[in-house]
Every structure is written in structure tokens, then in C-alpha cells.
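To start, the structure under review is shown below, and the notes come after it.
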Amino acid sequence: MKVELAIIGAGISGAAAALAAKESGLQRVLATDYEDGIGGLLRGLYAGRGFAEEAELARRAAELPYEFRLRTTATSLYFDEDRGTHLIGLQGPEGYVDVEAERVLLCSGAFEKPREARRIPGSRPAGVMTPMMSVGLLDRGYVPGRRVLLAGRGRVVDGAERRLKDRGAAVERLDPAVWDIAGVQGRERVDGVLARHVESGEERLWPCDAFVYAEGRIPCTFYLKGSDIERDGGHAVVVDEAGRTNAYRVSAAGSCCAAGDDEHLRSAELARRALASLLRWDE
């Protein structure tokens with residue numbers, strides 16, 4: 001399969017890039033995503049407040065005459081000097097396929113950073129999860145807990161709180177700028193979280209049967225291992241102000257790159273800018 005543009009990721013930035021590609025007149029475009037729908041990890045929040053723009057992007061992208069390969073993971077990306085194109089390995093429900101692309105836009109997003117990334121002390125009981133994991137459970141018909149402690153700030157955490165409360169959970173919120181998580185307790189299931197006040201040093205135990213926590217992101221760039229594309233110490237793709245990477249005709253946008261943000265507020269804007277620059281690469 002040979003395309004003019006391959007978009008790795010069909011979340012917020014990928015959907016925005018696909019729409020911009022159509023406006024630019026590109027005909028052969030392929031977009032891939034490991035999720036089973038267009039819109040990315042935050043799809044479970046699109047029906048709530050604060051995500052109208054993202055929901056509309058996903059809806060419009062689904063109507064494009066491009067191929068979206070969902071439940072498909074990029075496994076490799078290499079530049080073929082003889083052909084002057086990029087070779088992308090994809091693994092999906094129909095097996096493995098190689099794609100040859102003239103240009104590549106990396107929009108593979110990021111995972112929420114879990115408690116293990118902070119090495120929070122304590123046991124490892126059930127009931128400890130990230131905000132979007134809790135939303136995913138709700139989408140599958142499971143309520144993560146009846147007494148939920150939610151640590152974090154921002155619109156993603158706000159959205160998760162609304163979804164949990166809508167399903168009858170009692171939610172108590174901790175601001176990580178005020179309280180530092182000092183430990184998790186519980187055997188088979190979490191039954192409490194110890195937090196320490198960042199100014200006074202006061203310690204307090206919050207009883208709960210579910211602990212929802214995330215701070216920061218882990219860019220989904222593992223498929224770039226072995227490629228020439230530069231990443232920073234946090235695995236984010238290094239880009240210039242136009243979204244270009246150090247690799248020929250490869251740009252990146254959204255939360256997978258160093259210019260992205262944890263709240264995905266600039267993902268669509270970065271994608272449009274990166275695509276415009278990518279199409280002008282040889283000028």
C-alpha cells in the first residue's frame with residue numbers, strides 16, 4: 001500500500017490532521033489507531049461539557065473518504081533511501097501490513113501517567129486507576145467504586161468526576177498542588193489513601209474503595225524505538241515550532257510530541273500547523 005500521507009493516530013490531533021489533509025487536496029491518506037474508534041483516549045468524555053470541539057472533529061473525520069485502520073498498532077517506522085519514502089509496519093485484526101508513505105504525521109497521543117510512575121508507597125490493591133481507565137470501566141457497565149477519591153486537576157479529571165457522579169459514586173477530590181500522595185493502603189482492594197499537606201506537613205487518611213489518580217503523560221512513541229526520530233527524556237518526539245522532527249518529511253503533533261500538553265488543549269491546533277509545514281517541506 002502506498003499513500004501520500006500516513007497519520008499515526010486518530011485521536012484529537014489525528015482527526016484534525018485528516019480534515020486538514022482533505023482541505024489541502026490530498027487523495028491517498030491513511031490514518032491508523034489502536035483504539036476501536038476515531039477520537040482517541042478521551043472519547044468517553046465527548047458527550048460531557050468541555051469537549052464539544054473534539055467531538056465535532058471526530059464526527060467530521062469519520063465522514064472523510066480516507067481509510068481509517070482501527071485497532072491497529074504501528075510497530076515500526078523506517079526511511080527507505082532508495083525509494084525516498086517511509087516504510088511503516090502495522091499490526092491489526094487482519095494481520096501485518098507494510099505501508100509506504102511519502103509523508104508521515106505522528107499523532108499517536110499519550111497515556112496517562114499512573115501511580116507507578118511516581119512510585120507512590122504502599123500496597124498494590126485493586127481499585128487504583130487513572131481517570132480515563134475509570135471512564136472506560138463506566139463505558140463497559142462497571143462502576144469502579146462507590147466512595148471514590150480523585151486526585152488531579154484539569155478538564156480530563158473534571159470529566160471523569162462528572163461521569164462517576166452520574167453513575168452514583170460519591171467522589172472526593174484532592175488537589176495535588178495542596179496534597180501530596182504519601183501512600184496507598186488495602187489488601188485485596190484499596191481502602192484508604194494517605195496524603196500529606198505540602199505546606200504544613202499534616203498527614204490525613206482518606207477512606208475510599210477506589211482511587212483515581214494521574215499526573216502527567218507518557219507519550220505513545222514506543223514504535224519509534226530503533227528509528228532515527230529524536231525523542232526527549234520523557235519519550236516525547238522532539239519537534240521545531242512548525243512541528244517538524246529531525247527526520248525527512250516526518251512531523252508530529254499533539255500529546256506524543258514535546259510541544260503537546262497534558263490536557264490536549266492544543267492538539268488540534270498543533271496538528272493543523274504541523275500538516276501545513278509537512279506539505280511545504282521541500283519548498
Side-chain angles (χ1 to χ4, degrees), residues 1 3-22 26 29-46 51 53-55 57-62 64 66-77 86-93 97 99 101-112 132 136 156 217-225 227 229 231 234-239 243-245 247 249-278:
M1 177 187 296
V3 296
E4 296 171 274
L5 172 68
I7 304 173
I8 309 300
I12 297 171
S13 54
L19 288 165
K22 178 62 176 175
L26 296 184
V29 176
L30 171 70
T32 72
D33 201 283
Y34 65 88
E35 293 279 350
D36 59 2
I38 299 171
L41 190 65
L42 303 186
R43 284 184 301 144
L45 300 178
Y46 284 0
F51 293 92
E53 178 183 348
E54 290 80 3
L57 282 175
R59 184 195 67 77
R60 291 173 54 208
L64 291 171
Y66 296 149
E67 181 178 1
F68 285 83
R69 291 207 171 197
L70 303 175
R71 293 186 295 160
T72 298
T73 301
T75 59
S76 60
L77 173 61
H86 299 276
L87 300 180
I88 306 168
L90 300 177
Q91 183 69 49
V97 62
V99 174
E102 296 173 14
R103 292 173 172 82
V104 180
L105 183 57
L106 309 178
C107 297
S108 46
F111 295 115
E112 297 163 301
M132 290 313 302
V156 174
R217 72 188 192 275
I218 302 175
C220 300
T221 59
F222 311 108
Y223 60 96
L224 297 177
K225 184 178 180 179
S227 75
I229 296 174
R231 294 180 290 166
H235 304 290
V237 178
V238 176
V239 295
R244 295 184 177 187
T245 73
R249 284 187 174 182
V250 178
S251 292
S255 56
C256 73
C257 73
D261 63 288
D262 297 347
E263 288 292 293
H264 309 276
L265 293 170
R266 301 179 61 230
S267 292
E269 172 194 346
L270 291 174
R272 298 184 190 102
R273 182 188 307 171
L275 180 65
S277 175
L278 183 60

| Minimum side-chain heavy-atom gap Leu278-Leu5 below 4.5 Å | yes

| said: Quick check for you: to the nearest 0.5 Å, what is the distance between His235 atom NE2 and Cys220 atom SG? | reply: 11.5 Å

| message | Can you list everything that forms a side chain to side chain contact (heavy atoms under 4.5 Å, CB included) with Ala274? Sequence neighbours excluded, please. | response | Leu105, Ser251, Ala253

| remark: In short, Pro93 meets Thr72 closest at the heavy-atom pair CD-OG1, 3.9 Å

| For Gly254 and Ser267, which heavy atoms make the closest approach, and how far apart are they? | CA-OG, 3.7 Å

| task | Taking side chain to side chain contact (heavy atoms under 4.5 Å, CB included) as the test, write out the residues that go with Ser227, two or more places apart. | result | Leu224, Ile229

| Expected output: side-chain Asp261 to main-chain Arg266 donor-acceptor under 3.5 Å | yes

| query | Which residues pass the ring pair (Phe, Tyr, Trp, His ring centres under 6.0 Å) test with His86, sequence neighbours left out? | reply | Phe79

| task | Compute whether any side-chain donor of one residue and acceptor of the other, for Thr221 and Arg231, lie under 3.5 angstrom apart. | result | yes

| Looking only at heavy atoms, which two atoms of Ile88 and Ala6 are closest? And how far apart? | CD1-CB, 3.5 Å

| query | Considering only heavy atoms from C-beta outward, does the side chain of Leu30 approach that of Arg69 to under 4.5 Å? | reply | yes

| With side chains defined as the heavy atoms from C-beta onward, is the minimum distance between Cys256 and Ser108 less than 4.5 Å? | yes

| task | Check whether any side-chain heavy atom of Leu19 lies under 4.5 Å from a side-chain heavy atom of Leu57, and answer yes or no. | result | yes

| Pair Thr73, Tyr223: side-chain N/O donor-acceptor within cut-off below 3.5 Å | no

| Rounded to the nearest 0.5 Å, what separation is found between the CD atom of Glu102 and the CD atom of Glu4? | 6.0 Å

| query | Do Ile7 and Thr32 come close enough that some side-chain heavy atom pair is under 4.5 Å? | reply | no

| query | Hey, does Val29 have a side-chain heavy atom less than 4.5 Å from the side chain of Glu67? | reply | no

| When Cys257 is tested against each of Thr245, Leu106, Val239 for side-chain contact (heavy atoms from CB on, under 4.5 Å), which residue passes? | Val239

| field | Heavy-atom closest pair, residues Ala10 and Phe68 | value | CB-CD2, 4.1 Å

| Closest approach of Ala58 to Ile38 (non-hydrogen atoms, all atoms of both residues) | CB-O, 3.8 Å

| When you look at Leu87 and Leu77, which way does the side-chain contact (heavy atoms from CB on, under 4.5 Å) test go after all the steps? | CA-CA 6 Å; Leu87 300 180; Leu77 173 61; over 6 Å; no

| Closest contact, heavy atoms only, Tyr46 versus Ile12 | OH-CG1, 3.4 Å

| task | To the nearest 0.5 angstrom, please state how far the NE2 atom of His264 sits from the OG atom of Ser13. | result | 9.0 Å

| Can a salt bridge be assigned to the pair Arg71 and Asp36 using a cut-off of 4.0 Å between side-chain N and carboxylate O? | no

| Are side-chain heavy atoms of Arg217 and Glu112 found at a separation under 4.5 Å? | no

| said: Is there a side-chain contact between Leu42 and Val156 in this structure, where contact means two heavy atoms from C-beta onward sitting under 4.5 Å apart? | reply: yes

| message | Checking the side chain of Glu35 only, and the main-chain atoms of Leu41 only, is there a donor and an acceptor separated by less than 3.5 Å? | response | no

| query | Parallel, tilted or perpendicular: which fits the ring planes of Tyr34 and Phe111, with parallel below 30° and perpendicular above 60°? | reply | tilted

